[in-house]
There are 2 protein chains.
Amino acid sequence: MPRRNGGPRRPSVTDVAKQAGVSVGTVSNVLNRPDSVSPATRAKVEEAIGELRFVRNASARQLRSGEITTVGAVVLDIANPFFTEMARGIEDRLAQDDHTLMLCSSDEDPEREARFLRLFEERGVRGVIATPSHGSLDGLLALRERGTDVVLLDHTSPVPEIGSVAVDDVGGASLAMNHLLDLGHTRFVFLNGPLTLRQCVDRRDGVIATLTSRGFDPAEALVEVNLDALNADAADAAVHRLLAETTERPTAMFCANDFTALGALRALRDCGVSIPGDMAVVGYDDVIFASMLTTPLTSVRQPMHTLGWTAADMLLRESEPGRSRQVEFEPELVVRASSGSAI
Amino acid sequence: MPRRNGGPRRPSVTDVAKQAGVSVGTVSNVLNRPDSVSPATRAKVEEAIGELRFVRNASARQLRSGEITTVGAVVLDIANPFFTEMARGIEDRLAQDDHTLMLCSSDEDPEREARFLRLFEERGVRGVIATPSHGSLDGLLALRERGTDVVLLDHTSPVPEIGSVAVDDVGGASLAMNHLLDLGHTRFVFLNGPLTLRQCVDRRDGVIATLTSRGFDPAEALVEVNLDALNADAADAAVHRLLAETTERPTAMFCANDFTALGALRALRDCGVSIPGDMAVVGYDDVIFASMLTTPLTSVRQPMHTLGWTAADMLLRESEPGRSRQVEFEPELVVRASSGSAI
DNA sequence: TCGGGTGAGTGTATCGTTTCACCATTGGAT
DNA sequence: ATCCAATGGTGAAACGATACACTCACCCGA
């Protein structure tokens with residue numbers, strides 16, 4: 001039975017009732033419907049609560065009443081500012097309705113993800129917000145089918161029963177490329193990540209489409225580099241290789257992610273390429289330190305806080321009829337020194 | 001009563017028992033002590049569980065058995081990599097014992113902190129790990145007194161009933177200063193934060209002590225700058241002011257935090273001060289991007305993951321007798337290009 | 001044949017709340 | 001005097017899973 005660690009049993013409503021000389025029902029009323037109790041008895045009960053240091057038992061409460069004020073969230077990586085910023089947004093929306101967030105990091109491991117989903121379900125959470133790891137949505141779909149509300153984050157939902165909040169990655173890439181084209185650049189590098197990630201595929205589509213629509217032949221104007229992972233070291237190495245091989249060097253570079261942009265910047269400086277003079281650079285995500293680099297980084301900003309806020313909002317309004325279930329936001333370009341002007 | 005959202009009631013052990021033609025006790029045995037059930041009946045029960053898509057109700061389970069596998073943690077800022085890295089450490093240790101973490105961010109707001117502590121207590125968590133906001137430990141002490149185990153993180157405990165895991169900030173500052181002294185520097189800037197933060201006070205003590213012990217008079221060799229907040233913009237402005245005012249410029253700078261170091265680097269470059277040629281710079285925390293700057297930053301690394309791991313370990317072993325309750329780790333200096341050599 | 005041991009399964013009390021049908025007491029209105 | 005409604009309060013029945021004391025076969029050795 002639940003005891004204080006090593007100590008005596010925690011006081012229950014029964015103890016409070018005894019101490020105050022009333023029935024348990026009255027104690028419960030004081031706790032949940034204080035207006036329906038006379039001031040005198042309420043005072044007595046409250047005093048007893050204080051004296052005994054009574055603290056409600058959430059398990060019993062939830063078991064009986066079924067009232068749920070917890071929402072579960074699984075993100076890909078809790079160490080990435082992109083996700084923590086979204087978590088902030090979720091939390092802020094939940095706080096408005098006195099709900100709380102239970103945050104877990106799947107580390108892109110489907111097994112961990114499944115474990116957390118089961119945990120949430122056993123807990124009987126109000127709903128789950130998830131950034132699915134690695135394509136497979138089966139677990140989430142099954143969960144939804146068993147009756148738990150689900151909202152997808154940074155991933156568009158393929159089915160109408162599951163809501164989703166995402167960002168237009170095709171459009172984001174267009175923003176970046178149009179910016180560079182407007183500056184007069186004609187030869188580009190696209191430093192992209194693995195094409196198993198939806199984000200990378202979408203951003204590539206945006207790059208290609210933009211070039212084509214502006215009258216360029218991608219096969220000619222674009223050098224594509226695909227990294228194994230979206231991190232700085234991989235980017236650093238790739239850029240070194242690129243500079244060594246290429247004879248006619250491009251003048252602009254679009255990176256799929258700010259971390260890769262960071263690595264690229266390091267490599268470029270290493271090789272004596274000035275930024276933005278010899279090479280304009282644009283990143284993606286606008287993470288916290290993008291503006292704090294020695295050469296502040298132009299980047300595509302995603303409304304991270306709003307994403308989280310909206311997902312939580314969608315979950316809490318789940319029962320409302322006829323609202324839109326698939327939301328997509330537009331990213332925004334933040335221009336800083338690293339792109340500059342080609343003229 | 002707990003229902004699927006909008007759907008029928010979730011199946012319970014009773015439903016499973018009926019479906020499988022056994023008693024509820026047997027179902028419970030299959031769930032918790034599968035070896036004590038014959039293979040034939042176990043199969044029947046498991047089939048029923050699958051058919052009905054039965055999922056345990058955690059509230060009822062916890063209410064009856066008192067078994068707790070959740071630990072609560074409150075950190076100051078979930079967006080700071082320093083804290084998320086510690087959270088990782090906590091989670092890794094908890095996973096070993098099949099426990100899970102409920103992570104909350106107090107945003108340094110004592111009211112939010114109190115709200116989360118109450119939530120944890122009502123939930124009957126196994127214990128709480130907290131980085132206390134703003135000095136006052138009263139809430140934590142009261143919680144402990146009511147029987148919930150508590151471990152302090154990045155803060156030394158003033159009382160024996162509460163364990164703590166912290167880092168020697170005095171020693172960390174010494175590492176940084178000794179490094180700069182060894183390089184031959186003789187005039188220093190200490191870019192510190194507000195002295196209401198324990199960390200800033202301790203680091204200052206370390207700076208002063210080190211200078212003194214190496215034969216310098218701090219009043220002469222050291223320029224102290226106290227920022228209102230530990231962020232890049234404040235540091236940037238302060239360094240601009242400093243360079244304008246000072247006639248005999250110091251050659252080395254120690255920053256209380258990597259974010260302030262970032263701002264300082266920006267200001268220095270702005271003013272044409274070369275790094276590390278004209279000014280060596282050392283930061284604190286070794287956050288993720290410290291190594292990825294154009295001039296990689298020398299920084300004092302704290303064993304963040306280990307801190308979290310140890311705190312969780314301490315909590316899980318709470319009942320063991322005679323183990324040390326106040327742990328302090330030593331930080332480590334990571335030397336990179338930004339400090340270089342003064343010779 | 002009997003007593004005892006063992007393995008498999010049953011039935012019910014229990015955890016701490018909330019809910020809800022139900023009583024008592026009051027103070028008017030009829 | 002009688003009835004009615006309102007007000008404040010009671011106490012037992014849930015909620016779903018677990019623990020535990022118990023029954024019932026069945027087998028074994030004496």
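Predicted, not measured: the structure shown is a model, and the values here were computed from it. By convention in this document, chain letters (A, B, ...) are assigned in the order of the sequence lines, proteins followed by strands, and residues within each chain are numbered from 1. Computed from heavy atoms alone, side chains included, the values below leave out hydrogens, waters and symmetry copies.
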Separation of [X] atom [atom1] from [N] atom [atom2], in whole Å?
X	N	atom1	atom2	result
B:K18	D:dG16	NZ	P	11 Å
A:N32	C:dC20	CG	P	12 Å
A:E122	D:dT18	CD	C1'	15 Å
A:I49	C:dT17	CD1	P	10 Å
B:D15	D:dA17	CG	C1'	13 Å
B:L52	D:dG16	CG	P	14 Å
A:Q62	C:dT19	CD	P	13 Å
A:R123	D:dA17	CZ	P	15 Å

Within the 4.0 Å heavy-atom criterion, would you say [X] contacts the bases, only the backbone, or no part of the nucleic acid?
X	result
B:T41	sugar-phosphate
A:S12	sugar-phosphate
B:V37	sugar-phosphate

Can you tell me how far the [atom1] atom of [X] sits from the [atom2] atom of [Y], to the nearest 0.5 Å?
X	Y	atom1	atom2	value
B:R64	B:N57	CZ	CG	14.5 Å
B:T148	A:R10	OG1	CZ	6.0 Å
A:Q96	A:W309	CD	CH2	5.5 Å
A:L103	A:I90	CG	CD1	7.5 Å

Return whichever of B:N29 or A:T26 has its heavy-atom-nearest nucleotide of DNA chain D closer to the 5' end.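 Whichever sits nearer the 5' end wins; that is A:T26.
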Does any donor atom in the side chain of B:T70 or A:R123 lie under 3.5 Å from an acceptor atom in the other side chain?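 Yes, because at least one side-chain N or O of B:T70 sits under 3.5 Å from a partner of the opposite role on A:R123.
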What nitrogen or oxygen pairs link the protein and nucleotides 12-14 of chain D at under 3.5 Å?
| unit_1 | atom_1 | unit_2 | atom_2 | d |
| --- | --- | --- | --- | --- |
| D:dA14 | N3 | A:R64 | NH1 | 2.8 |

B:V22 or A:S59, whichever maps to the more 5' nucleotide of DNA chain C: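 Its nucleotide being nearer the 5' end, the pick is B:V22.
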5' precedence on DNA chain C between B:R42 and B:A60 (nearest-nucleotide basis):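 Residue closer to the 5' terminus by nearest nucleotide: B:R42.
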Strictly under 3.5 Å: I want the nitrogen or oxygen pairs between protein and nucleotides 23-27 of chain C, one per line.
none

From the set [options], return the single nucleotide nearest to any side-chain atom of [X].
X	options	answer
B:L63	D:dG16, D:dT10, C:dT17	D:dG16
B:N57	C:dG11, D:dG16, C:dT19	D:dG16
A:S28	C:dT19, D:dA19, D:dT10	C:dT19
A:R56	C:dT18, D:dT18, D:dG9	C:dT18
B:R33	D:dT18, C:dT18, D:dA19	D:dA19

Quantified as the angle between the terminal helix axes (five pairs each), what is the overall bend of the helix from C:dT1-D:dA30 to C:dT30-D:dA1 to 10 degrees?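 Helix axis angle between the two ends: 60°.
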Taking [X] first and then [Y], would you say they form a salt bridge - that is, a charged N and a carboxylate O separated by under 4.0 Å?
X	Y	result
A:D149	A:R317	no
B:E121	A:R53	no
B:E111	B:R115	no

Side-chain N or O of B:S65 closer than 4.0 Å to phosphate OP1/OP2 of D:dT18: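 Looking at the OP1 and OP2 atoms of D:dT18, neither is under 4.0 Å from any side-chain N or O of B:S65.
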OP1 or OP2 of C:dG7 sitting under 4.0 Å from any side-chain N/O of B:S38?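 No, B:S38 has no side-chain N/O under 4.0 Å of OP1/OP2 on C:dG7.
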Verdict with supporting geometry, A:S28 and A:N32, side chain to side chain donor-acceptor pair (under 3.5 Å): CA-CA 6 Å; A:S28 178; A:N32 302 298; 3.3 Å; yes
Go through the steps for A:I78 and A:F83 under the test side chain to side chain contact (heavy atoms under 4.5 Å, CB included), then give the verdict. CA-CA 6 Å; A:I78 206 183; A:F83 292 108; over 6 Å; no
Non-hydrogen side-chain atoms of [X] and [Y] separated by less than 4.5 Å:
X	Y	result
B:L143	B:F120	no
A:T306	A:Q302	no
A:V22	A:V45	yes

